[in-house]
Chemist: 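Quick one: this structure, given as structure tokens, is what I'll be asking you about.
Just so it is clear: chains get the letters A, B, ... in the order the sequence lines come, proteins before strands, and each one is counted from 1.
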There are 2 protein chains.
Amino acid sequence: MSLPHAILTALLEKPSSGLELTRRFDKSIGYFWSATHQQIYRELGKLEQAGQIRALPAPVPVRGQRKEYEVLPAGRAELSAWVGGTEDPKPMRSALLLRMRAAAVVGSAGLRAELERHLSLHQGQLAEYLAIEERDFPAERRRSEPDRLRHLVLRGGVELERFWVEWLTAALAELGPEE
Amino acid sequence: MSLPHAILTALLEKPSSGLELTRRFDKSIGYFWSATHQQIYRELGKLEQAGQIRALPAPVPVRGQRKEYEVLPAGRAELSAWVGGTEDPKPMRSALLLRMRAAAVVGSAGLRAELERHLSLHQGQLAEYLAIEERDFPAERRRSEPDRLRHLVLRGGVELERFWVEWLTAALAELGPEE
DNA sequence: CCACCCATGTAACAAGTTACATGATTAC
DNA sequence: GTAATCATGTAACTTGTTACATGGGTGG
């Protein structure tokens, strides 16, 4: 049940239309909770019906017309309760680790190229996160709690990408030069 | 499309019944691709229909009777092709990072306790992985490729848990003593 | 006027989750 | 014989994905 809360968070940061939300998911919140525009529209409908958000009044509601949403008090309360709640970490799901396990059984033909590809993807993502960090969280100065929290989230992204880069590098070394 | 390949891998390692598979998922393959028994039975049915596995001949097939499956050549070929293929890494999904981002907006009340809870869960998982490593991959000796691959997978699990332990520790320090 | 992009959606499906149903076997 | 456990399954639902549909506005 995380998508609605992701949307509430995004809308509290800034009221938006569905498409704007989609774009922001593509380059910010979506870094740790991705969603397509179809999911977002579906969820916006549900949240509106639940009375947690509302569309800003438009003169004539027409299909294809931009609709801007804002969070209602009930929505903020719901999000606040969710933040204070508990939820067990979901076991990870990595198709790549699974493929390596399968390779132990049927042979690792073709695996090396894929590891190299993933390595370069993760290196790219890591560089992107580091650029964001440099831009949005410069210097070591006293910061507000919201800023510290946002920085912690970004640090999570950075360290996770670093993990993948290191693991993939080690895996390539261990696999040996030829396969 | 990873679950069928997880099952094929498990069945190649050892032909099993649905319930046995479920148990093995709970303590091995499931560490990086979890599944419930309902998912497994559903998928076994599909794989059998697709001619990739078969149930070992039973005298009289009755409901509630144990059914053991083995992989057919077509199944091994499919798994082999999948290992050699490509698949982009799925963007991560962490409800905990999302909650921290939400906390930056609505306040972090109650978050600290949850971080501590997750820290202890991840410490437990890390200890479990390290125990498995010590048991199954001792000493530094020349090993076969399958063993090296399996060890790499486990190293992935270890380092990922270590990431969480370190990030959670840093987050708790950054949040400060009281909240 | 038509191609293109903005914006909102529908429909169909696939994957994962939760709750429950049913028969077989074993321990007491 | 009955309770517990083993074992296989159904049903209903939620979440996520993929493909397509519809209308509005803008540039050429």
Chemist: Quick one: is dA7(C) close enough that its OP1 or OP2 comes under 4.0 Å of any side-chain N or O from Arg23(A)?
Modeler: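 So the side-chain polar atoms of Arg23(A) do come within 4.0 Å of the phosphate oxygens OP1 or OP2 of dA7(C), strictly under.
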Chemist: If you assign each of Ser34(A) and Leu19(B) to its closest nucleotide in DNA chain D, which residue comes earlier from the 5' end?
Modeler: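 Residue closer to the 5' terminus by nearest nucleotide: Leu19(B).
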Chemist: Using a 4.5 Å cut-off on heavy atoms from C-beta on, say whether the side chain of Trp82(A) contacts that of His5(A).
Modeler: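 A side-chain contact exists here, since the closest heavy-atom pair is under 4.5 Å.
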Chemist: Counting distance alone, no hydrogens or angles: does the base of dG16(C) have a donor or acceptor under 3.5 Å from a partner atom on the side chain of Arg42(B)?
Modeler: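 Check passes, donor-acceptor contact within cut-off.
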Chemist: Do any side-chain nitrogens or oxygens of Tyr41(B) fall under 4.0 Å of OP1 or OP2 in dG9(D)?
Modeler: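 No, no such contact exists.
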Chemist: Examine dT15(D): is either OP1 or OP2 under 4.0 Å from a nitrogen or oxygen in the side chain of Arg93(B)? Give yes or no.
Modeler: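 So the side-chain polar atoms of Arg93(B) never come under 4.0 Å of the phosphate oxygens OP1 or OP2 of dT15(D).
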Chemist: Could you tell me how far apart Gln38(B) (CD) and dT14(D) (C1') are, to the nearest whole angstrom?
Modeler: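 Those two atoms, CD and C1', are 15 Å apart.
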Chemist: Between atom CD in Glu43(B) and atom P in dT8(D), what is the gap in whole Å?
Modeler: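 After rounding, the reported distance stands at 16 Å.
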Chemist: Any idea which heavy atoms bring Ala102(B) and Val83(A) closest together, and the distance?
Modeler: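 Heavy atoms only, the tightest pair is CB-CG2, 3.6 Å.
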Chemist: Just so I know, are the side chains of His151(B) and Glu174(A) near enough to count as touching, which here means a heavy-atom distance under 4.5 Å?
Modeler: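 Of all side-chain heavy-atom pairs linking Glu174(A) with His151(B), none is under 4.5 Å.
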Chemist: Determine: side-chain N/O of Lys90(A) to OP1/OP2 of dT17(C), distance under 4.0 Å, yes or no.
Modeler: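 Answer no for this pair, as no side-chain N or O of Lys90(A) is under 4.0 Å from OP1 or OP2.
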Chemist: Distance check needed: dA15(C) P versus Ile7(B) CD1, whole Å only.
Modeler: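 So the CD1-P distance, Ile7(B) to dA15(C), works out to 12 Å.
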Chemist: Would you say the side chains of Ser28(A) and Arg101(B) form a donor-acceptor pair under 3.5 Å?
Modeler: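 Side-chain D/A pair, Ser28(A) to Arg101(B): present.
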Chemist: From NE2 of His37(A) over to P of dA7(C), roughly how many Å is that when rounded to an integer?
Modeler: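 About 12 Å, once rounded to whole Å.
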Chemist: dT10(C) C1' sits how many Å from Leu44(A) CG, rounded?
Modeler: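 For the pair Leu44(A) CG and dT10(C) C1', the rounded distance is 16 Å.
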Chemist: Once you round it to whole Å, what is the distance between C1' of dT8(C) and CD of Gln39(A)?
Modeler: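 To the nearest whole Å, that distance equals 16 Å.
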Chemist: Looking at dG16(D), I'd like to know if its phosphate oxygens (OP1 or OP2) sit under 4.0 Å from a side-chain N or O belonging to Thr36(A).
Modeler: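 No, no such contact exists.
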Chemist: Atom NZ of Lys46(A) to atom P of dG9(C): distance rounded to whole Å?
Modeler: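 Rounded to the whole Å, the gap is 15 Å.
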Chemist: Using the six-membered ring wherever Trp is involved, compare the ring planes of His122(B) and Trp164(B) and label them parallel, tilted or perpendicular (cut-offs 30° and 60°).
Modeler: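 It falls in the parallel class, under 30°.
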Chemist: Can you tell me the distance, in whole Å, between the OH atom of Tyr69(A) and the P atom of dA7(C)?
Modeler: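 These atoms are roughly 14 Å apart.
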